[in-house]
Amino acid sequence: MAERDYNFTEIERKWQKKWDDEKAYLTKKDDSKKKFYVLEMFPYPSGRLHMGHVRNYTIGDLYSRFLRMNGYNVFHPIGWDSFGLPAENAAIKNNIPPLKWTADNIDHMKQQLKRLGFSYDWTKELATYRPEYYRWNQWAFVKMLEKGLAYKKKALVNWCGTCNTVLANEQAEGGVCWRCETEVVQKELEQWFFKITAYADDLLKGHAELEKGWPEQVLTMQRNWIGRSTGVMINFKTESGEDFPIFTTRPDTVYGVTFMVIAPEHPFLERVKDPKVKAFIEKLKNQSMIDRTSDDKEKEGIDSGLKIINPFNGDKVPLFVGNFVLMNYGSGAIMAVPAHDTRDFAFAKKYGIPVKIVIDNPKAPLDVKTMTDAYVDNGVCVNSGPFDGVSNRDAIEKIADYCEKQGIGKREINYRIRDWGISRQRYWGCPIPIIYCDKCGAVPVPEKDLPVVLPTDVDFKGDSVSPLTRMDSFVKAKCPKCGADARRETDTMDTFVDSSWYFAKFTSPGSKEMFDKEMVDYWMPVDQYIGGIEHAVLHLLYARFFTMVLNDLGILKCREPFTRLLTQGMVIKDGAKMSKSKGNVVDPDEIIARYGADTVRLFMLFAAPPQKDLDWSDKGVEGSYRFVSRVWRFVNRHADKYVKNSAVDASALTDGLKKIRTELHRTIKIVTGDIAEKMQYNTAIARMMELVNTLYQADEKEFDTEAGKKVISEVFDKLIPMLSPFMPHAAEELWETLGNTDMLVFRAWPGYIEELTKRGEIEIVFQVNGKIRAKEMVPSDITKEDMEKMAREHPRMKEITDGKQIVKVVVIPGKLVNIVVK
RNA sequence: GCCCAGGUGGUGGAACUGGUAGACACAAGGGACUUAAAAUCCCUUGGGCAAUUUGUCCGUGCGGGUUCAAGUCCCGCCCUGGGCACCA
């Protein structure tokens, strides 16, 4: 048969159109099948797809196609996370309206996704910048307001001077902006917050459900971020008898308090008159958070001159102002026990504060004079009044009990996580549906008036102030309560709000309610979510929070949105993440033009397992192309021998054909396992490459025999469908070449016959004292006894063991014989 | 400092619950085809030593250990990547 060129451009276009025409990926509710929701994190429409996207979506697509072929009703949608700063920055810089910029980018990237042949149900496409989407942001906001889960407060917030907006704590980790890495400063502003702290415990408890399906690392990161700690709020007293509460996790050390430390922002300090202390407080307040909390920063403090009284022993101790105490955790002040806390110890040494031991080491009694560091291990209470002699572990509970009984304190749980600040002083986002009235205050926009539409006829003056603030037509409004003239909120929502529920919206993008109940109940939760690990405490935490809130509102049936999570590695080149600044970006379009989408997809799956970083290699891509071409050539060369559904007569096979058949069935078995259980696509491909190598090495003449034709037909019937999730276009074309009229996308995943996966002959190893001394081919059904006999009689083995005493013989069936001699 | 993950040829990466280390691919070398090149197909390829088939020793970050047998398990260290780090 004449060999055809592998014209991938034409082939790929042809099949993309056919899939479209046949509505191959359209999804419907179907109770006869098990549902499976596969989702990749939706992209921000930055303008062009990058390799990270291609990898992410290829992994999801492979899995979707595989599951579809295995009889699942697969839901695989895609959309656009299309609010956010880049659009606005582009507007300021190039004078393109954000709406146009965004819509154009979406158009372009959509074409790119289509060119890659991903099996999305495009009828479910959504974009967060559309009013019909974000009106539900607003609706949810109002609901949360009603439930007390959204509120406004004046607070110290993270301000990024480059982005000109406030950031949530999760977005300012390490004191820098998550987007542009500018150092974040603290500003006091009126801001809207979501009360994620109310769900801190739920978010932690939910982890139990996720342990099977989420990477341990992500759960750990979330656990650390939430930072639950149990302790006691103890009421110390000021000299004038006022309460001075502090939170501690170590009530067992309360008798060892020799000073207290308070945050510089604490209102309690307003009474300080000493100018030296006041100056110090001002200095600290003006330091950025990164300065104040960076690890190499020395702990600094000053004696405020005020004294605090310990309710346990009446000790009167100095109150210091310290740079390391945080206003927004606990009560903004701490008790300090230098003898048993390393930080307190260092601070006490620096400022000459006494050290008082209250937990002694039973094995080696402590001495204040010779201590060089705090004693932080367990021990026995001393100098602790009625608690002397109690082990400090027990004392923690006993002293907590005592506090509660005496009314000088109570048990409390504190969290590190703070409420989620969602106000952004930017234009290109979802308007916060609030109207400010002088009489009625902040009034939510009534449901019937939603959505508050973001005006698109805006004028960027080139400054970085949100144009909304200057737009009278937007700002001026009537108070929904009293009808008086009022002002609209001009801040927009954090774009992480948009992405906190989009996965559920895919189930019914056009619904009249937030979701179509039937559809959302049917599809949710997402069974397999795929994306980068960088969202571990951002998107993934927010989305869980939102899902819980919507669950409590009765809108969602599930409480956890993502049953399983795969965090895929980055695509790197020359040892670094692909980025414009490093100049190591590879453009997907170029590679598709040169090798075709199937090759790109194959390479993405072959070069590394999904969880690991993937090293881009031009040569490696060529290798993938070579494989696609090898398959192409082989099938075309032997297409004329294909007989559909021909039954192989096992007894009529030559050894060569038998081997091919065994390898075929083995391959199906291994590939199926690699995809379904291990999610290890690189080895699945390697295994198929081996099979193709076997086919090439076979004696071609055999394929012309009757038996040969049947074997080759069986190979095609199974190999080509098996390849189709990896290289869908080429597989369809080859399938059609064979004269088949059905499409592989509707075909079932090939099965295998267990009996046929067993090789007739296997190689076993003979060892002496664990060292390999000989190898032999034997029938695979050889008995243990025969193996041992062969090993003992093998001339080489005899030679080595000759004259030595055989201590023991270990036989592992089908593997090896080890003769142990002395 | 603490908690994870990892360290395997020149390279990316394989190796089931301990049982032939290096699958598959890239690169390199050789051969076939070709006027030539590309493409393609085939072969070799962890290192050392000796050699005719072949034999033999070393080898999965380092040092110990358990075991008939260790990349895999245990103990101690080194390095890389990631997370957490004044949260009281």
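Sequence lines set the chain letters: A, B, ... in the order given, protein chains first and strands last, and positions in each chain run from 1.
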- Write down the partner of U72(B) under the Watson-Crick or G-U wobble criteria, each distance required to be under 3.5 Å. none

- Message: Which residue is it: Asp201(A), Thr197(A), Ile196(A)? I am looking for the one with a side-chain contact (heavy atoms from CB on, under 4.5 Å) to Tyr415(A).
- Response: Asp201(A)

- G63(B), syn or anti by chi within 90 degrees of zero: anti

- Hey, does the side chain of Arg626(A) come within less than 4.0 Å of C26(B)'s phosphate (OP1/OP2), counting only N and O? yes

- Message: For a quick check of understanding: with a heavy-atom distance under 4.0 Å over all strands, which category does Ser617(A) fall into, base, sugar-phosphate or nothing?
- Response: nothing

- Query: Between A88(B), G13(B), C68(B), which nucleotide has the shortest distance from any of its atoms to the side chain of Ala608(A)?
  - Reply: G13(B)

- Message: Quick check on C41(B): is either OP1 or OP2 less than 4.0 Å from any side-chain nitrogen or oxygen of Arg630(A)?
- Response: yes

- Message: Expressed as a whole number of angstroms, how long is the span from Leu691(A):CG to C24(B):P?
- Response: 13 Å

- Note on the structure: dist Trp225(A):CH2 -> Asn169(A):CG (nearest 0.5 Å) comes out at 6.0 Å

- Query: Glu663(A) CD to A23(B) P: how many Å, rounded?
  - Reply: 16 Å

- Length of the line joining Trp616(A):CH2 and G12(B):P, which is rounded to integer Å: 17 Å

- Ile660(A) to Thr694(A) - nearest heavy-atom pair and separation: CG1-CG2, 4.5 Å

- If you measure from the P atom in C62(B) to the same atom in C79(B), how many Å do you get, rounded? 15 Å

- Task: Give Gly330(A) one of three labels, base, sugar-phosphate or nothing, depending on what nucleic acid heavy atoms sit under 4.0 Å from its own.
- Result: nothing

- According to a strict under-4.0 Å criterion, is Asn769(A) in side-chain N/O contact with OP1 or OP2 of A69(B)? no

- N or O in side chain of Arg773(A) less than 4.0 angstrom from U56(B) OP1/OP2: yes

- Query: Going from CZ on Arg626(A) to CZ on Arg633(A), what distance comes out if it is rounded to the nearest 0.5 angstrom?
  - Reply: 10.0 Å

- Query: Would you say A23(B) has OP1 or OP2 under 4.0 Å from some side-chain N or O of Asn693(A)?
  - Reply: no

- Message: Under 4.0 Å from OP1 or OP2 of C3(B): is there any side-chain N or O of Arg223(A) that close?
- Response: no

- N or O in side chain of Arg666(A) less than 4.0 angstrom from A23(B) OP1/OP2: no

- Validation row, ring centre Phe726(A) to ring centre Phe606(A) under 6.0 Å: no

- Contact class for Gln767(A) vs. all strands (heavy atom < 4.0 Å): base, sugar-phosphate, or nothing? base

- Query: Does Gln680(A) make a side-chain N or O approach to OP1 or OP2 of A15(B) shorter than 4.0 Å?
  - Reply: yes

- Message: I'd like the C1' distance from U60(B) over to G13(B), given in whole Å.
- Response: 13 Å

- Could you state the CD1-P distance from Ile762(A) to G19(B), rounded to the nearest angstrom? 16 Å

- Message: Looking only at the side chain of Ile812(A) (C-beta and beyond, no hydrogens), which of the listed nucleotides G19(B), C87(B), G13(B) gets closest?
- Response: G19(B)

- Using the P atom in both, what is the distance from U8(B) to A32(B), to the nearest Å? 38 Å

- Message: If you only use heavy atoms from C-beta on, which nucleotide in C87(B), U56(B), A88(B) is closest to the side chain of Thr248(A)?
- Response: A88(B)

- Distance-only donor-acceptor test, Asn224(A) side-chain atoms vs C84(B) base atoms, 3.5 Å: no

- For Lys808(A) and C68(B), is the shortest distance between a side-chain N/O and OP1 or OP2 below 4.0 Å? yes

- Message: Using the C1' atom as the point on both nucleotides, what is the distance between A21(B) and C42(B), in whole Å?
- Response: 26 Å

- Flag the pair Pro267(A) / Met327(A) as yes when at least one side-chain heavy-atom distance between them is below 4.5 Å, and no otherwise. yes

- Query: What integer distance in Å separates Gln217(A):CD from G82(B):P?
  - Reply: 11 Å

- Task: Tell me what Tyr696(A) touches on the nucleic acid: a base, only sugar-phosphate, or nothing, going by heavy atoms under 4.0 Å.
- Result: sugar-phosphate

